[in-house]
Structures are given as structure tokens and as C-alpha cells.
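Take a look at the structure below.
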Amino acid sequence: MDFVSIKKRLLKFSRSAWTPFAAIPIALGIGAIVLLIAGYNPLQAYAAMWQGAFKDRTAITEVLIKATPLIFIGAGLAVAFRCSIWNIGAEGQFYAGAVAATAVGIYLGDLPRFLLVPLVLIAGASSGALWGMLAAFLKNRFGANEVVTTIMLNYIAIFITGWLVTGPMIETAGLFAQTAKISQNAWLWRFLPPTRLHTGFILAVVVALVLYIIIFKTSLGYTIRAVGINPEAARYAGINVKRKVLLAMAISGGAAGLGGAVEVAAISYRLYQLISPGYGFDGIAVSLLVNNNPLGVIFSGILFGALRSGAEVMQMNAKVPSVLVFLIQGLVVLSVVAFGVYSYVSKEKEE
Amino acid sequence: MELIPSILFLQGILAATWRMATPILYAAVGEVFSEKAGVINIGLEGVMLIGAFSAYSVAFESGSLWLGLLVGILAGILSGLIFAFFTITIKANQIVVGAAFNMIGMGITGFLYRSMYAVSAVPLGLKTFQSVEIPFLSSIPFFGEVLFKHNIMVYGTLLLVPLATFVLYKTAFGLSIRAVGEHPKAADTVGVNVVRMRYVSVMIGTALAAVGGAFLVLAYADQFVEGVVSGRGFIALAVVVFGRWKPWGAFWSSLLFGIFYALQLRIQTMPDVNIPYQFLQALPYLATLVVLVGFNKRRVQAPKTLGVPYK
């Protein structure tokens with residue numbers, strides 16, 4: 001029995017560790033076929049993508065910059081997914097964080113740096129957490145399916161942002177649909193000039209690490225995962241399922257909101273309608289790709305950052321539309337699925 | 001408001017309601033089949049996009065709307081086959097596969113659209129399905145405008161809903177679909193092929209979702225744009241819940257959403273209303289939330305094995 005379970009564990013480990021390496025070539029392969037059909041040269045396209053992501057130090061730092069929001073979001077989603085809460089709402093939670101961070105960065109701009117930077121980040125994280133907890137509340141209290149509610153909350157967050165940047169928070173000149181710049185005291189440190197690499201990237205890695213420890217090395221994380229595997233059994237074992245659901249969504253939303261705050265405080269310095277080009281959706285694939293392991297998210301976040309960063313260069317140089325990345329990401333998830341990582345574990349087997 | 005303008009206002013809203021409800025309704029009725037058999041497909045949004053793009057491109061190239069619709073349906077069935085393979089044969093988590101389908105739908109249609117049409121110098125508009133005015137009835141004041149001046153795909157919902165009800169509740173086929181969603185083991189014991197029934201139900205679902213997507217380009221707007229579905233696939237999921245997993249329930253609840261869409265469009269065009277347009281745009285999504293929250297008790301009527309693979 002022991003031997004069997006060890007063998008099983010090893011098998012499972014090797015499968016989940018190798019899955020990403022197998023899934024990506026498959027996805028790129030199918031992507032190549034689509035490129036061919038649409039009349040592009042796939043080799044040329046992928047070469048441009050590679051070039052764009054890794055050609056020099058600046059390109060590589062841009063990959064890490066693109067990876068930063070993905071790591072925040074992905075690490076948070078890993079926690080929610082481990083709890084079997086299908087949070088599709090990271091996009092809205094990211095927006096909620098960006099809005100709160102911008103408001104603090106503008107309206108409390110006179111505060112000294114050592115106060116303002118933490119305040120901006122805390123505002124972003126708590127705002128994202130609240131937006132996430134709203135969906136958890138609706139699920140706990142009313143049984144509303146979180147897949148649908150989080151998606152609706154995405155739209156609502158984006159529309160609210162659109163209203164803020166064209167109305168109450170529009171820049172003083174009022175020329176563009178964007179807010180004024182946040183106070184310089186709120187900016188995160190870009191520590192590798194002339195590149196834009198900033199301390200937010202390091203914070204993202206730290207957050208991923210902390211979430212990894214919480215979910216895999218603490219009893220709290222154990223209970224969250226227990227709820228995810230079988231809520232009925234968890235309830236029977238005396239775990240307060242609803243509270244775990246709320247907590248998982250708070251962590252997930254908080255991480256996404258922090259990502260939004262960092263994006264404002266380190267890159268854009270202001271809020272505008274399209275501050276996220278779909279990071280919240282990329283984050284889903286980022287987490288799924290590494291079997292919802294926050295530590296693995298650092299790796300998959302950088303990978304997807306490279307895909308995104310490379311795709312932009314591919315669009316410029318090889319004239320291949322960068323939306324191709326969404327297709328590749330979806331295919332990555334499907335290939336991961338095909339390796340059986342997300343196969344349903346029937347209750348009979350568990351017992 | 002004066003009496004006449006407010007009647008005209010109401011008439012405009014109600015006439016648009018049915019039209020706005022139509023794409024959601026096709027997708028929702030399809031999803032009823034899928035969910036009745038125990039498979040939840042949150043990838044509806046992606047499938048609708050695929051249906052919309054294939055229908056548009058074929059209709060545009062061939063000049064035939066019907067051919068476009070047909071190919072859109074075929075693309076929907078193919079998507080369903082792939083979805084079913086992953087969720088039923090591989091037994092992968094249905095939510096994960098659905099999320100992947102949304103990304104794929106967005107990616108492939110956006111990519112092909114930008115490759116094929118975004119830079120085109122040729123005008124991209126289709127000659128869409130035109131309203132068919134029912135003789136005599138369409139000249140009835142008020143009701144004529146609201147009920148009898150629609151295009152064929154809107155009228156099609158009047159055929160779809162009773163037909164779906166009949167199939168689900170009056171035929172052996174429908175009984176099998178419901179059985180594999182409620183109690184697959186029992187169905188299996190009496191000789192129903194659970195896997196096959198679920199495959200078929202999923203494919204009916206995606207075929208109809210594709211029709212909903214095709215409606216948007218063949219009978220509503222006259223061309224494809226990226227993100228043309230804009231959340232209707234997700235709203236259809238809520239409509240299924242609100243409609244208690246029944247075709248007629250889906251009909252009435254999608255009309256409710258149609259009202260919100262129609263209101264939003266109508267109010268946006270009124271110069272003397274000073275509500276920020278973003279609030280109006282958020283209306284259907286907000287309504288979805290309210291509906292899910294307000295009618296949660298109907299959850300108990302969800303098919304018992306929804307989301308659970310068999311064996």
C-alpha cells in the first residue's frame with residue numbers, strides 16, 4: 001500500500017512537472033497550423049516572437065514587467081482554484097485594485113513616500129479583495145454560481161472604470177479619457193535604469209512564495225484544499241466551508257487587486273479605460289498550466305509574459321495579429337487538460 | 001412625458017426586446033439540452049464567437065446568408081464535439097475546458113478577423129435578414145410594430161422553444177437526455193448509452209449557441225467585429241438558471257434581459273437623459289447578478305449530476 005502510494009505520488013509529480021513542457025509545443029504546433037492556413041509563415045512569426053521577448057536586456061526586462069501582473073493574478077487564482085472556486089473575475093478585481101490605488105495616489109498625494117507607497121498597495125489589495133469577496137458572499141448567501149457572477153462583476157468594474165476616467169476622475173486638461181498622474185511619492189522604484197524593471201516584480205515573486213507556503217505548508221491551506229477536493233467531506237470534518245470560500249476569494253481578489261495597484265504605481269502612473277489588456281484572463285491559464293501551484297506561477301507567469309511581449313513585436317515586425325496569443329493560451333490549457341491533470345476525481349475513488 | 005411619445009417609447013422598447021433576446025435565447029435553449037444531460041458549458045461565449053465568425057465569413061464570401069448560417073451551425077457542432085471529447089471522454093473538469101474554449105474562441109476569431117478583414121478595403125457589410133411584415137397583423141397599431149415586424153431568425157425562436165420543449169419532455173430521446181443528467185447509472189442500467197447521449201446534448205447546445213452567434217452578424221449587426229458577442233454567452237448561462245432549466249423558462253427570462261438591452265440602447269439615444277452611458281451599458285450585467293441572487297432557490301432544480309462526468 002505504501003509502495004503503491006509512493007509510486008502514485010511520483011507518477012503524479014512527474015506528470016504535473018512535465019505537463020507544461022509538453023503542453024506548450026503542442027499549443028504552438030496547432031498555432032502554427034492556424035498561422036499557415038491564414039497565410040503566414042509560422043517560423044517567421046515565432047522567430048519574431050522569440051526575438052521580441054529575448055533579444056536583449058531591455059526585452060527581457062519587458063517580459064518580467066509583463067509577467068508581474070500575471071504572477072500576482074495567477075498566484076491568487078491558484079488559491080481560489082485549489083478551493084474549487086472558479087474565479088473568472090480576476091480582471092474585475094485587477095480593475096478594482098487599480099482604481100483604488102489611483103485614487104489614493106492622487107488624492108493623498110501629499111503624503112511622504114514611506115507612507116504613500118504602502119497605502120497605495122494596501123488600497124489596491126483591499127479593494128480587489130472586496131470585489132472578490134462580493135462574489136463569494138453571493139455564492140455563500142444566495143448560491144449564485146461564481147463563474148457567472150465574477151464575469152458579470154468584470155463587466156461592471158470595467159464600466160465603472162470607464163465612467164470614472166471620463167467623468168469624476170478625468171485629468172484636469174480633460175483631453176483624454178484618463179486620470180491625472182498619481183503623485184511621484186507613490187511611484188515604485190525602477191531599480192535597473194534605463195529599463196522599466198521595478199520593485200513590483202519582486203513583490204509579485206514574494207507574494208507567490210507566501211501564497212505557496214500558505215496553501216501547502218499551513219493548516220489553513222490544508223483546509224482550503226480540503227474544501228476544494230470535497231466540500232461535503234470538509235463540512236463533515238468540521239471545516240467552515242463558507243468561511244474558506246470567502247477567504248479564498250479574498251486572497252485571490254486581493255492578489256489581483258495588488259497587481260492592479262502595482263501596474264498603476266510602477267508602469268502607467270495613471271488610470272485609463274484599458275489598463276488591463278486581459279491580464280485577468282491570461283492569469284487563468286497561468287495558474288492552470290502549473291496545476292494551480294503559486295510557486296509554479298512564477299514560471300508560467302514569465303512564460304506568458306514572454307508570449308505577450310513577443311506577440312507585440314510579432315505584430316509589429318511580422319504583421320501577425322497579436323490576438324493569436326489568446327488562441328495559444330487556450331490551447332495550452334486544453335493540452336494540459338489532455339494530460340489528465342484536471343480529470344475529475346470521482347467521490348467513489350476518494351473514499 | 002406626453003401620452004403619445006411614451007407609447008411610442010414603450011413600443012420601441014418592446015419591439016427591440018424580442019430582437020435583443022433572440023441571440024441569448026438560442027444559446028440558452030441549447031445550454032438547457034447540455035445541462036439537462038449533466039454537462040455545463042461555460043465556453044458558450046467562445047462558441048458563439050466561432051459561430052458568428054464562420055457565419056459571417058461564409059455569408060460574406062458566398063453572398064448567401066443561409067449558407068453562412070449552415071456553416072456557422074457546423075462550426076458549432078464541431079466545437080461541441082471537441083468540448084465533449086475533453087469533458088466526457090477525457091472527463092476533464094468542465095469549467096476548465098469551458099474557460100479554455102472562451103480563450104480559443106476569442107483568439108481564433110480575433111486572429112482570423114484581423115488577418116482577413118480588418119485591413120480590407122472592400123465594404124464588409126452584409127445584406128442582413130430583413131424584417132418580414134406579417135400581412136394584416138403588422139398593421140395593427142402598437143402590436144404590429146412590437147410583434148409582427150421581425151426578421152426570420154427572431155420568428156425562429158417561436159418554433160425553437162415549443163420544439164425544444166416537445167423533444168425534451170415528449171420523446172424517448174428527451175427522456176434519455178434528462179435521465180443521463182439526473183441519474184446516469186439508472187439510465188445506463190436500462191440500456192441508455194450515457195456517453196452518446198451526453199455527446200449529442202452537448203453538440204445540440206453548441207449548435208444552437210452558434211446560431212445565437214450567427215444571429216448577431218446575419219440578422220442584427222451586418223458584420224463581424226471582435227468581441228461581438230460581448231458577454232451574451234455568459235448571460236445565457238444565467239438565463240438557463242433563471243429559466244429553471246426549461247425552454248419556456250429560458251424564453252421568458254431572456255425576454256427580461258432583452259428589455260434591459262433595449263432600455264439601455266434606447267436611453268442612450270435620448271438627449272435629455274443625463275445618466276452616464278457606462279451605467280446603462282452595465283445594466284444587463286447588473287440585472288444578471290440580481291436575477292442570480294434573487295432566484296437562487298431554483299437551484300434545487302438543477303440536474304443532479306451537472307458538472308460530474310460519468311464513471
Side-chain angles (χ1 to χ4, degrees), chain A residues 31 34-35 37-40 81 84 86 88 134 138 141-145 147-149 151-156 158-164 166-167 278 281-282 284-285 288 315 319-334 336-338 340-344 346-348, chain B residues 40 42 45-46 82 86-87 90-116 118 226 230-231 234-235 237-238 241 276-282 284-289 291-297 299-300 307-311:
Chain A
V34 174
L35 280 167
I37 293 172
Y40 299 99
F81 292 169
S84 284
W86 301 105
I88 315 292
L134 186 54
L138 296 177
R141 178 76 178 74
F142 302 103
N145 182 329
V147 172
V148 181
T149 56
I151 289 166
M152 296 303 132
L153 287 168
N154 283 343
Y155 285 104
I156 294 170
I158 292 169
F159 286 130
I160 290 177
T161 306
W163 167 65
L164 286 173
T166 52
F281 301 105
D282 295 10
I284 297 170
L288 293 177
Q315 173 157 314
K319 306 280 175 263
V320 179
S322 62
V323 273
L324 184 72
V325 173
F326 285 118
L327 174 66
I328 291 175
Q329 286 172 1
L331 291 170
V332 165
V333 175
L334 272 194
V336 171
V337 158
V341 174
Y342 289 99
S343 283
Y344 186 87
S346 77
K347 279 177 193 162
E348 286 96 318
Chain B
I40 182 165
I42 70 153
E45 180 86 1
I82 299 171
F86 278 99
T87 54
I90 295 192
K91 302 183 178 60
N93 183 303
Q94 296 170 7
I95 305 288
V96 174
V97 177
F101 261 70
N102 288 331
M103 290 184 221
I104 291 171
M106 190 161 60
I108 195 152
T109 58
F111 172 73
L112 292 177
Y113 170 74
R114 286 195 208 172
S115 309
M116 294 163 70
E226 280 182 74
S230 66
F234 298 117
I235 289 178
L237 288 171
V241 179
Y277 73 93
Q278 291 96 347
F279 288 156
L280 299 172
Q281 285 179 322
Y285 308 103
L286 206 59
T288 311
L289 274 184
V291 156
L292 275 176
V293 166
F295 298 87
N296 68 301
K297 293 211 177 70
R299 229 172 108 78
V300 291
V308 183
Y310 183 57
K311 277 201 279 197

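To the nearest 0.5 Å, atom CG of residue A/Leu331 and atom CE of residue B/Met103 are 10.5 Å apart. For the atom pair B/Phe234 CZ and A/Asn154 CG, the distance stands at 8.5 Å (nearest 0.5 Å). Note: B/Leu289 CG to A/Leu134 CG = 7.5 Å, rounded to the nearest 0.5 Å. Annotation: the span from B/Gln281 atom CD to A/Ile158 atom CD1 amounts to 11.0 Å, rounded to 0.5 Å. Distance check, rounded to the nearest 0.5 Å: CD1 of A/Ile37 to CG of B/Leu112 gives 8.5 Å. For the atom pair CD1 (B/Ile90) and CG (A/Leu334), the distance works out to 9.0 Å, reported to the nearest 0.5 Å.
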Subject >> Working for side chain to side chain contact (heavy atoms under 4.5 Å, CB included), residues A/Asn145 and B/Val241 >> reply: CA-CA 9 Å; A/Asn145 182 329; B/Val241 179; 6.0 Å; no

Original post:
Going through the distances and angles, do B/Phe111 and A/Val34 end up as a side chain to side chain contact (heavy atoms under 4.5 Å, CB included)?
Top reply: CA-CA 9 Å; B/Phe111 172 73; A/Val34 174; 3.7 Å; yes

Subject >> From CA spacing to verdict: side chain to side chain contact (heavy atoms under 4.5 Å, CB included), A/Trp86, B/Asn93 >> reply: CA-CA 11 Å; A/Trp86 301 105; B/Asn93 183 303; 3.3 Å; yes

**OP:** Kindly determine whether A/Met152 and B/Ile235 satisfy side chain to side chain contact (heavy atoms under 4.5 Å, CB included), including the steps that lead there.
**Re:** CA-CA 8 Å; A/Met152 296 303 132; B/Ile235 289 178; 3.9 Å; yes

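Nearest heavy atoms, A/Pro321 versus B/Arg114: CG-CB, 3.6 Å. The shortest heavy-atom contact between B/Ala100 and A/Gly330 is CB-O, 3.7 Å.
B/Gln94 does not touch chain A: none of its heavy atoms, backbone or side chain, sits under 4.5 Å away. Looking at A/Phe81, neither its backbone nor its side chain comes within 4.5 Å of chain B, counting heavy atoms on both sides. B/Tyr277 does not touch chain A: none of its heavy atoms, backbone or side chain, sits under 4.5 Å away. Using a 4.5 Å cut-off between heavy atoms, B/Ile40 contacts chain A through its side chain alone, with no backbone atom that close. Contact annotation for A/Ser322: both backbone and side-chain heavy atoms come within less than 4.5 Å of a heavy atom of chain B. Using a 4.5 Å cut-off between heavy atoms, A/Ile151 touches chain B through its side chain atoms alone.
When the candidates B/Leu286, B/Thr109, B/Ile82 are compared by the number of heavy-atom contacts under 4.5 Å with chain A, B/Leu286 comes out ahead. For the set B/Gly105, B/Ser115, B/Gly46, the entry with the most heavy-atom pairs within less than 4.5 Å of chain A is B/Ser115. Your options are A/Leu153, A/Val325, A/Val148, and the one with the most heavy-atom pairs under 4.5 Å with chain B is A/Val148. Looking only at heavy-atom pairs under 4.5 Å with chain A, the residue among B/Ile108, B/Leu237, B/Ile95, B/Val97 that has the most is B/Ile95. Considering only heavy-atom pairs separated by less than 4.5 Å from chain A, the leading option among B/Gly107, B/Pro276, B/Gly98 is B/Gly107.
Among residues two or more places apart in sequence or in another chain, the ring pair (Phe, Tyr, Trp, His ring centres under 6.0 Å) test is passed with B/Tyr285 by A/Tyr155, A/Phe159. Applying the ring pair (Phe, Tyr, Trp, His ring centres under 6.0 Å) test to B/Phe279 and every residue at least two apart in sequence or in another chain returns A/Trp163.
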